[in-house]
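In what follows, a structure is listed as structure tokens, so that the remarks can point back to it.
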Amino acid sequence: QVQLVESGGGLVQPGESLRLSCAASGIIFSVYAMGWYRQAPGKQRELVARITLGGSTNYADSVKGRFTISRDNAKNTVYLQMNSLKPEDTAVYYCSAAGTVWGQGTQVTVSS
């Protein structure tokens, strides 16, 4: 059974950091490009960051310089380090394998 499980979300103040994790099972993790997406209330789901098999990355303009995506193929896990968080980063964050397998999401709330 293919499964992606996100963790690490929470409530933080503006300027603080969080690290999200996404653990994969039931797939050959190392052959998948992995991505982090987010969906804020009333908005469409958007790509936040993506990492390829070889480790190449790309980011949404809104998070460049603040967020870092990484992967550990030995642990079947992808991470999203989020620094200098802003209220507009508030959303449910999802990880995805190749845009076809999705986790259940983890809530990130940035508020003072």
Original post:
Can you tell me how far CG of Leu53 sits from CE of Met34, rounded to the nearest 0.5 angstrom?
Top reply: 11.0 Å
Subject >> Validation row: Phe67, Leu85 side chains within 4.5 angstrom (heavy atoms) >> reply: yes
**OP:** Verify the cluster assignment for Tyr32 and Val2: are they in a single hydrophobic cluster under the rule of side-chain heavy atoms below 4.5 Å apart?
**Re:** yes
Show me, pair by pair, the donor-acceptor contacts under 3.5 angstrom made by side chains of residues 10-23, not counting sequence neighbours?
from: Glu16; atom 1: OE1; to: Gln13; atom 2: N; distance (Å): 3.0
from: Ser17; atom 1: OG; to: Asn83; atom 2: OD1; distance (Å): 2.9

Original post:
Which residue pairs satisfy the disulfide bond (SG atoms under 2.5 Å apart) criterion with at least one member in residues 52-85, sequence neighbours excluded?
Top reply: none
Original post:
Could you state the interatomic distance from CG (Leu80) to SG (Cys95), rounded to the nearest 0.5 Å?
Top reply: 10.0 Å
Original post:
Counting distance only, does the side-chain N/O of Thr77 pair as donor-acceptor with the main-chain N or O of Lys75 below 3.5 Å?
Top reply: yes
**OP:** Check whether any side-chain heavy atom of Gln104 lies under 4.5 Å from a side-chain heavy atom of Glu6, and answer yes or no.
**Re:** yes
Subject >> Non-hydrogen side-chain atoms of Ile69 and Tyr59 separated by less than 4.5 Å >> reply: yes
Original post:
Are the side chains of Arg50 and Thr57 in touch, meaning some heavy atoms are under 4.5 Å apart?
Top reply: no
Original post:
With sequence neighbours excluded, what pairs up with Arg66 under the salt bridge (Lys or Arg N to Asp or Glu O under 4.0 Å) test?
Top reply: Asp89
Original post:
Are Val63 and Arg38 close enough that some pair of their side-chain heavy atoms sits under 4.5 Å apart?
Top reply: yes
Original post:
How about Thr90 and Glu88: does a side-chain donor come under 3.5 Å of a side-chain acceptor?
Top reply: no
Original post:
Would you say Met82 and Tyr93 make side-chain contact, with heavy atoms under 4.5 Å?
Top reply: yes
Original post:
What about Ile51 and Trp36, same hydrophobic cluster or not, with Ile/Leu/Val/Met/Phe/Trp/Tyr joined at side-chain heavy-atom distances under 4.5 Å?
Top reply: yes
Original post:
Residues two or more places apart in sequence or in another chain: which of them pass side-chain hydrogen bond (donor to acceptor under 3.5 Å, both in side chains) with Gln3?
Top reply: none
Subject >> Co-members of Val5 in a cluster of I, L, V, M, F, W and Y side chains, linked at under 4.5 Å >> reply: none
**OP:** For the pair Arg71 (side chain) and Thr52 (backbone), establish whether a donor and an acceptor sit closer than 3.5 Å, ignoring hydrogens and angles.
**Re:** yes
Original post:
Members other than Leu47 in its cluster, when Ile, Leu, Val, Met, Phe, Trp, Tyr link by side-chain heavy atoms under 4.5 Å?
Top reply: Tyr37, Val92, Tyr94, Trp102
